[in-house]
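One structure is given here, and the rest of the page talks about it.
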Amino acid sequence: MSVVEQYARAHIVSDTAIPIDEAIPVVLRYDPETDPRSVRFGLPGTREWTCSRSLLEQGLRAPAGTGQVRVWPCGRVQAVVEFHSAQGVSVVQFETKALLRFLRRTYMAAPVNG
C-alpha cells in the first residue's frame with residue numbers, strides 16, 4: 001500500500017473587510033500504513049489536520065462532523081472544511097471534484113474493509 005498525496009487549491013473564507021481572493025495550496029495526504037481510516041490536510045503555516053476518511057466522504061453529501069473538523073457541501077461544485085482549535089476556526093472552501101478525486105485515490109490504495 002502506498003501513500004496518496006495530492007495538492008489542491010482552496011480559498012480561506014474570512015469575514016474581514018478585505019476579501020481574500022487568492023487560492024492557497026493545500027496538501028491532502030493519506031497513509032494506509034500509518035492510519036488507514038484517516039486523511040490529513042496540510043494548510044500553509046498551520047499544523048496538519050486529521051479527520052476520518054468517512055467523515056470527508058459524508059461531508060461532501062451533507063453536513064458532517066461535530067468535533068475539530070466539520071465538512072459540508074456548498075452549492076453544487078464546492079465543499080467547505082472547517083477546522084476548530086483553541087486559537088480559533090479556519091474555514092476553507094475546496095472544489096468538490098478535487099476532494100472526490102483524492103478520496104477515489106485513497107480507496108484505490110486501501111479499500112474499506114467489511
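For CD of Q93, the number of neighbouring non-hydrogen atoms (other residues, nucleotides, ligands) closer than 6.0 Å is greater than 12. Heavy-atom contacts from other residues, nucleotides or ligands closer than 6.0 Å to CZ of R29 number more than 12. Crowding of Y107 atom OH: a count of heavy atoms from other residues, nucleotides or ligands under 6.0 Å exceeding 12.
Residues V91 and V80 form a side-chain contact, since some pair of their non-hydrogen atoms from C-beta on lies under 4.5 Å apart. In this structure the side chain of V81 reaches within 4.5 angstrom of the side chain of F94, judged on heavy atoms. The closest side-chain heavy-atom distance from T96 to V77 is not below 4.5 Å.
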Give the intermediate values and the outcome of side-chain contact (heavy atoms from CB on, under 4.5 Å) for residues S90 and W49.
CA-CA 11 Å; S90 295; W49 293 91; 5.6 Å; no
Stepwise side-chain contact (heavy atoms from CB on, under 4.5 Å) check, D31 with R40
CA-CA 9 Å; D31 186 347; R40 292 183 272 163; 3.7 Å; yes
Assess the residue pair V26 and L43 against the criterion (side-chain contact (heavy atoms from CB on, under 4.5 Å)); give the C-alpha distance rounded to whole Å, side-chain angles, the decisive distance to 0.1 Å, and a yes or no. CA-CA 5 Å; V26 177; L43 279 67; 4.1 Å; yes
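Contact between V92 and I12 at its shortest, heavy atoms only, is CG2-CD1, 3.8 Å. Summarising the geometry of A79 relative to L60, their closest heavy-atom pair is CB-CD2, 3.6 Å, with the distance given to 0.1 Å. Listed here is the closest heavy atom pair of P25 and P44: O-CD, 3.2 Å. Between V39 and S52 the shortest heavy-atom distance is CG2-O, 4.3 Å. The two residues V89 and E82 make their nearest non-hydrogen contact at CG1-CG, 3.5 Å. Heavy-atom minimum distance, Y30 versus P36: OH-O, 2.8 Å.
Distance check: E95 CD to C74 SG gives 12.0 Å after rounding to the nearest 0.5 Å. L28 contributes atom CG, which lies 8.0 Å from atom CG of L56 (distance to the nearest 0.5 angstrom).
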Let me check something: any side-chain donor-acceptor pairs from residues 97-105 under 3.5 Å, sequence neighbours excluded? List them with distances.
| residue | atom | partner | partner atom | Å |
| --- | --- | --- | --- | --- |
| R105 | NH1 | E5 | O | 3.3 |

Donor-acceptor pairs under 3.5 angstrom involving side-chain atoms of residues 61-68: please list them, not counting sequence neighbours.
none

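Tracing side-chain contacts under 4.5 Å through hydrophobic residues (I, L, V, M, F, W, Y), one reaches F83 starting from I24; they form part of the same cluster.
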